[in-house]
Structure formats: structure tokens, C-alpha cells
There are 2 protein chains.
Amino acid sequence: MPPPENDVPFTPHESLGYALKRAQQALRLHMDRRLKAFGLTAPQYNVLCSLEAEPGASNAQLARRAFVTPQTMQSMLVKLERAALIERTPDSDHGRIQRTQLSRSGRETLSKAHQAVQETERLAQAAASPDAMKMLLRVAEALS
Amino acid sequence: MPPPENDVPFTPHESLGYALKRAQQALRLHMDRRLKAFGLTAPQYNVLCSLEAEPGASNAQLARRAFVTPQTMQSMLVKLERAALIERTPDSDHGRIQRTQLSRSGRETLSKAHQAVQETERLAQAAASPDAMKMLLRVAEALS
DNA sequence: ACATTAATATCAGGGGACTGATATAATATA
DNA sequence: TATATTATATCAGTCCCCTGATATTAATGT
């Protein structure tokens with residue numbers, strides 16, 4: 001006689017982790033569709049926003065701000081530079097740091113992108129509970 | 001005199017989208033660290049769970065269940081097959097469908113992985129509000 | 001019966017996230 | 001001063017996610 005099944009078949013479908021993934025995925029796709037007209041992705045848009053708020057930021061600073069590794073940010077910056085949306089120049093008195101600025105084209109593109117993306121955030125907030133943001137950051141903190 | 005700033009420098013840092021991204025990223029990394037001992041990633045674990053719940057599922061079925069494209073699921077299945085965690089065999093009377101099953105090794109690995117992952121979900125739920133899951137699925141729906 | 005449409009699998013390529021490794025510059029310490 | 005540590009940038013490789021394209025089989029409609 002075979003032993004009884006004692007492994008509960010855990011169903012990630014009914015887990016918080018899965019709901020989180022689906023919401024994030026939906027939001028990312030929604031943003032991507034709206035940004036496609038400007039040749040931007042959602043993460044690229046976020047980097048440009050960071051540069052608007054903090055012109056001349058370094059790769060390391062941008063990575064910390066976006067909560068990604070410097071390697072990830074590096075590859076994004078290379079692409080944005082190739083697309084001529086940003087300009088990178090070595091720091092004048094710090095031999096290693098590369099300072100990054102929005103280019104003229106980057107500023108123009110970003111300005112248009114802001115409007116395209118507002119709708120996504122508005123829809124998300126309408127469907128979410130009022131304390132959703134605080135709660136999500138609490139979850140992120142608890143798992144970091 | 002320079003013109004006044006009329007572009008509000010939108011800060012994604014204070015957006016719901018960003019909080020969502022951070023929470024999802026933290027959860028994914030938390031799971032990945034716990035699963036690393038078994039050579040699994042979080043998405044791979046989820047696929048194995050789907051196969052446990054629905055043995056013999058096709059690529060298309062698994063993709064729909066995981067809310068990813070068939071191409072994405074295809075590449076994951078190829079890797080899982082190479083790792084000998086699953087077995088794929090053509091359907092007997094449907095010429096195109098590839099039926100997927102957990103291998104013996106896949107069942108054993110999954111059984112251990114279940115326990116490793118419980119902690120992540122427990123921590124996340126402890127930090128989240130009671131209606132978080134329902135709310136997140138509502139957000140996903142609103143943006144799809 | 002034949003033609004169209006839908007479903008399935010799969011190839012190719014790109015973006016963004018990770019880890020691991022390396023080189024170099026700045027800083028701290030012995 | 002010389003050494004060690006830290007910070008920065010960057011190369012290489014992998015995984016997961018997407019879009020676009022293609023081939024094949026099944027189902028449908030005329």
C-alpha cells in the first residue's frame with residue numbers, strides 16, 4: 001500500500017506573491033504600451049525621471065535610487081545613451097565617476113512621456129485601497 | 001529671464017507603480033534565495049506547482065495559468081526538461097500538443113521546495129493588509 | 001470536400017533583472 | 001608611506017519577460 005499523501009499541493013495561484021506579480025506585470029505592460037510611441041520602456045522612463053530630479057547623477061546613485069544593481073543600471077544607461085536621450089561625461093575631479101545628464105532630446109521626450117503615463121497611475125490608484133502604497137512598501141521592507 | 005517651470009517633475013518614487021515594483025522585486029528575491037539550494041528560481045517553482053496540480057498540462061495551458069506568453073513558458077520548459085525536473089511527450093492522439101509531467105526528481109525537488117518557500121509567503125502576509133490579495137487582483141484587472 | 005480560421009509549438013531577438021568577476025580611483029588604516 | 005578597504009564602473013553570462021514570425025495541426029464554415 002502506498003504511503004498517504006502528506007504534501008499539501010501548495011497552490012501559488014492563491015498566494016499573495018502571485019497577486020503581487022500579476023498586478024506588477026499588468027502595470028508594467030500598461031505603461032509600456034503607453035510609452036511605446038516615444039520609444040521608451042517603463043524602467044527607462046523611471047531613469048529619465050530620476051535624472052530630471054537629480055541632474056548629473058552617477059551610475060551608482062541612479063542604481064541605488066531605482067533599487068537595482070549597478071550592473072543593471074549600467075546596461076540601461078548604455079542603451080539610453082545610444083538612443084541619445086542622455087549624455088555621460090567623466091566627473092571633472094573624480095577620476096572614476098561618470099556624470100549623467102538628460103540631453104535636449106531626452107528632456108523633450110520625457111515631457112511628453114509624463115502625460116502618457118499619468119493615466120496608468122490614475123487607473124491603478126482608483127482600483128487600489130488608500131493605504132496600498134504604504135502597505136506595499138511595508139511588504140518590501142519585511143522581505144528585504 | 002528663463003521661462004517658468006511648467007512641467008511638474010513627476011516623481012515615480014512616490015507612485016503606486018513603484019511601490020508595487022519594489023514589493024514584487026523583494027518577494028521574488030526572497031523566494032529566489034530560499035530556492036537557490038534546490039537549483040530553482042521562483043518562476044520555475046511556480047511552474048512545477050502548476051504541474052503538480054495539473055499533471056500532463058500542455059505548454060499553452062501552463063502559459064495561460066501563469067499569465068505569461070507561450071514563448072516564455074516554452075523557454076522555461078526547455079530549461080526544466082534539460083534539468084530533468086520534467087518530462088515532455090507528444091500527446092497520443094493530438095499531433096501538436098506536448099504533454100508535460102513532473103519527473104521523479106522533479107517531484108522530490110518540489111516537495112522540499114514547498115517548505116523552503118512557506119516562510120516567504122508567511123512574512124509577506126504578516127506585513128500585508130488582510131484584503132491585499134483581493135485588492136492587487138483588482139488592480140491587475142483594471143490595468144489589463 | 002475545401003478553404004479559412006484558430007490553436008499549438010517553437011525560433012529569433014531585445015529589455016531588464018540578477019550573480020560573478022575585474023579594473024581603477026578614492027579613502028582609511030597600519 | 002604603504003597597504004588595505006571601499007566605491008565606482010563595467011564585462012560576461014543567465015533567467016524571465018516581451019514582441020514578431022513561422023510551421024503545423026485541429027476545428028470551423030461554406
Side-chain angles (χ1 to χ4, degrees), chain A residues 17-18 21-22 24-36 39-48 56-83 85 88-100 144, chain B residues 18 21-36 39-48 56-83 85 88-100 144:
Chain A
Y18 217 80
K21 181 194 171 187
R22 282 192 58 192
Q24 206 271 321
Q25 197 174 3
L27 191 138
R28 162 75 196 268
L29 279 175
H30 198 269
M31 267 184 84
D32 278 352
R33 276 193 287 268
R34 263 156 190 70
L35 289 170
K36 194 173 184 183
L40 284 181
T41 65
Q44 286 172 346
Y45 168 75
N46 285 326
V47 172
L48 296 189
S58 69
N59 176 25
Q61 284 173 321
L62 291 168
R64 282 190 293 263
R65 185 181 259 264
F67 294 92
V68 298
T69 62
Q71 296 95 317
T72 295
M73 187 53 68
Q74 165 71 8
S75 91
M76 292 184 67
L77 291 182
V78 167
K79 285 178 194 107
L80 288 171
E81 188 176 27
R82 234 176 267 160
L85 295 169
R88 309 181 79 194
T89 51
D91 186 290
S92 47
D93 57 80
H94 190 299
R96 200 100 180 99
I97 294 179
Q98 293 281 328
R99 299 267 165 220
T100 303
S144 63
Chain B
Y18 217 79
K21 181 195 172 185
R22 283 194 56 191
Q24 207 271 320
Q25 197 174 1
L27 191 139
R28 162 76 196 268
L29 278 176
H30 199 268
M31 266 183 85
D32 277 352
R33 278 194 285 268
R34 263 156 192 72
L35 289 171
K36 194 173 185 183
L40 284 181
T41 64
Q44 286 172 345
Y45 168 75
N46 285 327
V47 172
L48 297 188
S58 69
N59 175 25
Q61 284 173 320
L62 291 168
R64 282 190 293 264
R65 184 181 261 262
F67 293 93
V68 297
T69 61
Q71 296 96 315
T72 294
M73 186 54 66
Q74 164 71 8
S75 91
M76 293 184 65
L77 292 181
V78 166
K79 285 174 195 109
L80 289 171
E81 187 177 28
R82 236 176 265 159
L85 295 169
R88 309 180 79 194
T89 50
D91 187 291
S92 47
D93 56 82
H94 189 300
R96 198 99 181 99
I97 294 178
Q98 292 281 328
R99 299 268 166 218
T100 303
S144 62

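Letters A, B, ... are given to chains in the order of the sequence lines, protein chains preceding strands, and every chain is numbered from 1.
For the pair A/Ile97 CD1 and C/dA26 C1', the interatomic distance rounds to 9 Å; values are reported in whole Å. In this structure, B/Leu77 atom CG and C/dT8 atom C1' are separated by 13 Å, rounded to whole Å. If you measure from atom CE of A/Met73 to atom P of C/dT19, you get 15 Å, rounded to the nearest angstrom. If you take CD of A/Gln74 and P of C/dT22, they are 18 Å apart, rounded to a whole angstrom. Rounded to a whole Å, the CE atom of B/Met31 is 16 Å from the C1' atom of C/dA17. Rounded to whole Å, atom P of C/dG16 lies 16 Å from atom CD of A/Gln25. The separation between A/Arg28 atom CZ and C/dG14 atom C1' is 11 Å, rounded to whole Å. C/dA17 atom P lies 13 Å from atom CD of A/Gln71, rounded to whole Å.
B/Pro70 comes within 4.0 angstrom of a nucleotide base, judged by non-hydrogen atoms across all strands. B/Ser75 comes within 4.0 angstrom of no nucleic acid atom, judged by non-hydrogen atoms across all strands. Residue B/Arg88 is in sugar-phosphate contact alone, with no base atom involved, counting any heavy-atom pair closer than 4.0 Å across all strands shown.
A/Gln44 places no side-chain N or O within donor-acceptor distance of the main-chain N or O of A/Lys79, the cut-off being under 3.5 Å.
From B/Phe67, atom CZ reaches atom CD of A/Gln25 across 9.0 Å, with rounding to the nearest 0.5 Å. Between B/Asn46 atom CG and B/Leu40 atom CG the span is 10.5 Å, to the nearest 0.5 Å. Taking CZ of B/Arg33 as the reference point, atom CG of B/Leu29 lies at 5.5 Å (rounded to 0.5 Å).
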For this session: I would like to know whether B/Lys21 and A/Leu27 meet side-chain contact (heavy atoms from CB on, under 4.5 Å); could you show each step before the answer?
Result: CA-CA 9 Å; B/Lys21 181 195 172 185; A/Leu27 191 138; over 6 Å; no
For this session: Test salt bridge (charged side-chain N to carboxylate O under 4.0 Å, His left out) on A/Lys36 and A/Asp32 and set out the steps.
Result: CA-CA 6 Å; A/Lys36 194 173 184 183; A/Asp32 278 352; over 6 Å; no
For this session: Go through the steps to decide whether A/Thr100 and A/Val47 satisfy the test side-chain contact (heavy atoms from CB on, under 4.5 Å), and finish with yes or no.
Result: CA-CA 11 Å; A/Thr100 303; A/Val47 172; over 6 Å; no
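Take the nearest nucleotide of DNA chain D for A/Ser58 and for A/Leu29: the residue whose nucleotide is more 5' is A/Ser58. Taking for each of A/Arg33 and A/Arg99 the nucleotide of DNA chain D with the nearest heavy atom, the 5'-most of the two is the partner of A/Arg99. Where A/Asp93 and A/Ala42 each meet DNA chain C at their nearest nucleotide, the meeting point lying more 5' is that of A/Ala42. Looking at which nucleotide of DNA chain C each of A/Gln44 and A/His94 is closest to, the 5′-most match is held by A/Gln44.
Here the rule is side chain to side chain contact (heavy atoms under 4.5 Å, CB included) with B/Asn59, and of B/Arg99, B/Gln98, B/Arg88 only B/Arg88 fits it.
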Any N/O pairs under 3.5 Å between the protein and nucleotides 5-7 of chain C? List them or say none.
none

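Remark: B/Lys36 is not in phosphate contact with C/dC18, judged by side-chain N or O atoms under 4.0 Å from OP1 or OP2. Proximity of A/Thr72 to the phosphate of C/dC18: a side-chain N or O atom is located under 4.0 Å from OP1 or OP2. Considering only side-chain N and O atoms, A/Thr69 lies under 4.0 angstrom from the phosphate OP1 or OP2 of C/dC18.
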Exercise. How is the base pairing of DNA chain C summarised as a dot-bracket string, given the Watson-Crick and G-U wobble criteria with both distances under 3.5 Å, [ ] for crossing and | for another strand?
Worked result: ||||||||||||||||||||||||||||||
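Across A/Ala66 and A/Met73, no two heavy atoms sit closer than the pair CB-CE, 3.8 Å.
Residues A/Arg65 and A/Gln61 are not in side-chain contact: their nearest non-hydrogen atoms beyond the backbone lie 4.5 Å or more apart.
When DNA chain D is scanned in the 5' to 3' direction for atoms under 4.0 Å from non-hydrogen atoms of chain A, the outermost contacting nucleotides are D/dT8 to D/dG20.
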